[in-house]
K.L.:
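Pasting a structure below so you can have a look.
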Amino acid sequence: MPAMNSASPAIVIVGAGECGTRAAFALREEGWDGRIVLVGTEPPYERPPLSKTGEYKLICGGAALSEAGITFLAGVEATGVDTAGHALELDDGRRLPYRSLLLATGARARRLPFGGAPVHVLRSHADAAALRAKLAPGRRVAVIGGGFIGLELAASAAALGCQVTVVELGPRLMGRGVPARVAAVMAGRHVRMGVDIRCGTGVTGLAETASGVTITLAEGTALEADVVVAGVGAVPETSLAWAAGIETADGVVVDARFATSAPDVFAAGDCCRYPHPLYDGRLLRLESWRAAQEHGAAAARAMLGQTRLSGVEPYAGVPWFWSDQHDYTLQVAGLASAAAREVVRVRPDGVEIWFGLADGGRLVAAAAAGPGNSVAKDIRLAEMLIARRATPDPAVLADPAAALKSVLRSPVAG
Ligand SMILES: Cc1cc2nc3c(=O)[nH]c(=O)nc-3n(C[C@H](O)[C@H](O)[C@H](O)COP(=O)(O)OP(=O)(O)OC[C@H]3O[C@@H](n4cnc5c(N)ncnc54)[C@H](O)[C@@H]3O)c2cc1C
């Protein structure tokens, strides 16, 4: 354990997920020698495997936390923030004074607006365990919502021999954040792997029957299932901030250094909404594993920056996420919704790399889906171009013979 200055007031973190845990370790790496207290209702574990393999994978064990001098209050819920008194209130009655407080409370699964039958959601390990126990060869699984988590789960259930149907209200899969062309590649993969995809139809009701669940669809038909899962998005966990009078708006509102509207209170990860310097300060709320880690590290620097003369740079990490469905991986870098036009490169292996350009030609997003790890290198290079605000020649982007590395020498926007 590092030499610790236990007399100084603690930095307190709420939420031991990807963001909060990374923040705790980053504080030590950045040289903070005072107390760090991590408060979590759950242990620190990875969520991405829950919808893929179902594996329970810890981010770190208790030994790593204590070696770094991080006090972990496990199974404890933070119930209130006294912003004037600089103290966090816990469900066991304790009050924790803080020097700085980081809210890394994540998000919770959105529920369907109606009952009628048991419906699974997938956010926590407990959710995944309950769901996995129901999946077996031949079982009819209905996934409501064609977003990433629903589709990953559809692929996992199909691999386990289930008969899977995905019902999506929008006209296509992954309408939020993935370009249509790339989503179509994944849709094709699902269909080839035997998943029944039904877009453009909503669920209007559920009823439990002797043989399972009847799902009524807006188009007037019905679907029979043994297991129903809702993958209809996540809601940021802002209740603590809201009750403390901290500004929230579909996320805890923070600046580009993760500072909230309350003094010495920060928020980061899935729970926060922050202005992105690469996208004209547009307020973003991401649900991304890598962003959660980067936010945690950046928030740690920002909390320490309060005592430094040098100041702290605004966080400008390029949004990035991946999704594994069947034997394909999808990756998106940047913000597809910021693109005004698209350019597609068709590689000799048939994989399409999608580029999104803003008015003026700046590259603002890239996306692709393909077998295994086949799209990773191109998306990594595109990500570097996005970070540099490059304005590459569209003809070069479209040309599979032109190495993307050479495009890195493109002019940079003012
Ligand atoms: C099933 C699934 C699959 C995913 N797959 C991918 C993927 O393939 N690629 C990708 O990029 N991203 C993926 N993600 C998203 C990624 O996991 C999240 O973006 C990331 O976990 C967010 O980290 P976080 O720390 O902000 O929030 P969380 O991981 O939600 O952690 C927040 C923690 O805070 C705790 N907490 C909340 N309130 C309190 C309180 N008052 N007191 C104490 N503790 C509290 C919660 O219990 C939770 O443990 C996936 C998410 C899920 C659910």
Side-chain angles (χ1 to χ4, degrees), residues 12-24 37-59 72-81 88-92 94 96 101-110 120-129 131-132 145 147-153 155-156 174 177-178 229 231 233-244 251-252 258 267-274 285-297 299 317 319-325 329-333:
V12 176
I13 301 168
V14 184
E18 208 64 58
C19 177
T21 308
R22 180 84 280 275
V37 183
L38 181 61
V39 181
T41 46
E42 293 184 304
Y45 65 89
E46 303 278 5
R47 292 184 200 280
L50 301 178
S51 47
K52 301 172 179 74
T53 56
E55 182 197 359
Y56 179 66
K57 193 175 162 209
L58 284 176
I59 295 169
F72 179 37
L73 304 184
V76 174
E77 186 182 345
T79 49
V81 183
L88 183 72
E89 290 149 11
L90 306 180
D91 65 352
D92 59 11
R94 273 182 288 179
L96 279 183
L101 174 69
L102 175 63
L103 303 176
T105 48
R108 58 178 186 275
R110 180 176 286 125
H120 290 265
V121 291
L122 185 49
R123 178 77 199 178
S124 66
H125 174 250
D127 295 337
L131 182 54
R132 293 262 155 185
F148 310 107
I149 290 176
L151 290 171
E152 290 190 350
L153 183 77
S156 313
M174 297 181 284
V178 178
V229 191
V235 181
E237 187 48 80
T238 57
S239 47
L240 207 51
W242 185 83
V252 183
F258 299 101
D270 279 16
C271 74
C272 82
R273 180 173 286 279
Y274 69 106
R285 194 178 73 75
L286 302 178
E287 288 163 18
S288 147
W289 179 84
R290 195 178 79 181
Q293 290 186 3
E294 290 184 358
H295 288 188
W320 175 88
F321 68 84
W322 92 98
S323 175
D324 296 330
Q325 298 168 29
T329 293
L330 158 82
Q331 290 197 17
V332 180

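Please read all numbers here as calculations on a predicted model, not as lab measurements. Indexing begins at 1, ligand by ligand and atom by atom, following the structure's order. Below, each value reflects all heavy atoms present in this structure, side chains not excepted, and no hydrogens, waters or symmetry copies.
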K.L.:
Run the numbers for me: atoms of ligand 1, each under 4.0 Å from some heavy atom of F321, listed by number.
P.N.:
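Every atom of ligand 1 under 4.0 Å from some heavy atom of F321: 11 (O).
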
K.L.:
In terms of atom number and element, which parts of ligand 1 are under 4.0 angstrom from non-hydrogen atoms of A107?
P.N.:
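Checking each atom against A107, I get 30 (O).
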
K.L.:
Considering heavy atoms of the protein only, find what lies nearest to atom 34 (O) of ligand 1 and give residue, atom and distance to 0.1 Å.
P.N.:
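It is G15 CA, 3.2 Å.
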
K.L.:
Within the 4.0 Å heavy-atom shell around A104, which atoms of ligand 1 are there?
P.N.:
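In order of numbering, the contacting atoms are 32 (C), 33 (C), 34 (O).
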
K.L.:
Side chain or backbone, does E237 bring an N or O within less than 3.5 Å of an N or O on ligand 1?
P.N.:
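No: no nitrogen or oxygen of E237 is under 3.5 Å from one in ligand 1.
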
K.L.:
What I want to know is whether D270 and ligand 1 share at least one N or O pair that is separated by under 3.5 angstrom.
P.N.:
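Looking only at distances, the answer is yes, because the N/O contact criterion of under 3.5 Å is met.
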
K.L.:
With side chains defined as the heavy atoms from C-beta onward, is the minimum distance between L330 and V178 less than 4.5 Å?
P.N.:
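With C-beta onward as the side chain, the pair touches.
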
K.L.:
Side chains of T329 and D324: any donor to acceptor distance under 3.5 Å?
P.N.:
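On atom types as modelled, these side chains qualify, holding a pair under 3.5 Å.
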
K.L.:
Looking at side-chain heavy atoms only, is the closest gap between V229 and L153 below 4.5 Å?
P.N.:
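They are in side-chain contact.
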
K.L.:
Is any NZ, NE, NH1 or NH2 atom of the basic residue among E42 and R47 found under 4.0 Å from an Asp or Glu carboxylate oxygen of the other?
P.N.:
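Answer for the salt bridge query: yes.
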
K.L.:
Give me the residue, atom name and distance of the protein heavy atom closest to atom 52 (C) of ligand 1.
P.N.:
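Nearest protein contact, heavy atoms only, for atom 52 (C) of ligand 1 is I149 CD1, 3.5 Å.
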
K.L.:
On the 0 to 90° scale, with breaks at 30° and 60°, tag the Y274-F258 ring pair as parallel, tilted or perpendicular.
P.N.:
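Judged by the thresholds at 30° and 60°, the geometry between Y274 and F258 is tilted.
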
K.L.:
So if I count the atoms of ligand 1 from 1 in the order they appear, which ones are less than 4.0 Å from some heavy atom of S288?
P.N.:
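Per the distance check, 11 (O), 12 (N), 19 (O).
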
K.L.:
Write out the residue and atom name of the closest protein heavy atom to atom 25 (O) of ligand 1, then the distance separating them to 0.1 Å.
P.N.:
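Of the protein heavy atoms, C19 N, 2.9 Å lies nearest.
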
K.L.:
How far is atom 13 (C) of ligand 1 from its nearest protein heavy atom, and which residue and atom is that?
P.N.:
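Protein heavy atom with the smallest distance to atom 13 (C) of ligand 1: P48 CG, 4.0 Å.
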
K.L.:
Numbering the atoms of ligand 1 from 1, which are under 4.0 Å from a heavy atom of E287?
P.N.:
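The list of qualifying atoms is 19 (O).
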
K.L.:
Within a distance under 4.0 Å of any heavy atom of A292, pick out the atoms of ligand 1 and give their elements.
P.N.:
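Near A292, the atoms of ligand 1 are 22 (C), 23 (O).
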
K.L.:
Look at ligand 1 and say whether L153 reaches it with a heavy atom at a distance under 4.0 Å.
P.N.:
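L153 does not count as a contact of ligand 1 under the 4.0 Å cut-off.
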
K.L.:
Suppose we measure from atom 27 (O) of ligand 1 to each protein heavy atom; which comes out shortest, and what is that distance?
P.N.:
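I find the closest protein heavy atom is G106 CA, 3.2 Å.
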
K.L.:
Judging by distance only, is a nitrogen or oxygen of R290 under 3.5 angstrom from one on ligand 1?
P.N.:
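In this structure, R290 places no N or O atom under 3.5 Å from an N or O of ligand 1.
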
K.L.:
Among residues at least two apart in sequence or on other chains, which ones pass salt bridge (charged side-chain N to carboxylate O under 4.0 Å, His left out) with R108?
P.N.:
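Per chain and number, R108 pairs via salt bridge (charged side-chain N to carboxylate O under 4.0 Å, His left out) with E237.
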
K.L.:
Would you mind listing which atoms of ligand 1 come within a distance below 4.0 Å of any non-hydrogen atom of T41?
P.N.:
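Matching atoms, with element in brackets: 35 (C), 36 (N), 43 (C), 44 (N), 45 (C), 46 (C), 47 (O).
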
K.L.:
Specify whether Y56 and H125 have parallel, tilted or perpendicular ring planes, treating 30° as the upper limit for parallel and 60° as the lower limit for perpendicular.
P.N.:
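Correct class here is tilted.
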
K.L.:
At what distance is the nearest protein heavy atom to atom 37 (C) of ligand 1, and which residue and atom is it?
P.N.:
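Ranked first by proximity to atom 37 (C) of ligand 1 is T105 O, 3.3 Å.
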
K.L.:
Could you find the nearest protein heavy atom to atom 8 (O) of ligand 1 and give me its residue, atom name and distance?
P.N.:
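Atom 8 (O) of ligand 1 sits closest to the protein heavy atom K52 NZ, 2.5 Å.
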
K.L.:
Ignoring hydrogens, just give me the one of E152, R47, E46, E18 whose non-hydrogen atom is nearest atom 28 (P) of ligand 1.
P.N.:
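Answer by nearest heavy atom: R47.
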
K.L.:
Side chains of P48 and W322: does their closest heavy-atom pair fall under 4.5 Å?
P.N.:
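Side-chain contact under 4.5 Å: yes.
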
K.L.:
Taking distance alone, with N or O pairs closer than 3.5 Å, would you say S51 contacts ligand 1?
P.N.:
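In fact, backbone or side chain, S51 has no N or O that close.
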
K.L.:
Which atoms of ligand 1 are found less than 4.0 Å from any heavy atom of V76?
P.N.:
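The atoms of ligand 1 under 4.0 Å from a heavy atom of V76 are 43 (C).
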
K.L.:
Of all the non-hydrogen atoms in the protein, which one sits nearest to atom 42 (N) of ligand 1, and at what distance?
P.N.:
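Going by distance alone, atom 42 (N) of ligand 1 is nearest to A78 N, 2.9 Å.
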
K.L.:
Do we see a donor-acceptor contact under 3.5 Å between the side chains of S323 and Q325?
P.N.:
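Checked: S323/Q325 side chains pair up, N/O donor to acceptor below 3.5 Å.
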
K.L.:
For E18, what residues pass the salt bridge (charged side-chain N to carboxylate O under 4.0 Å, His left out) criterion, not counting sequence neighbours?
P.N.:
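E18 satisfies salt bridge (charged side-chain N to carboxylate O under 4.0 Å, His left out) with no other residue.
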
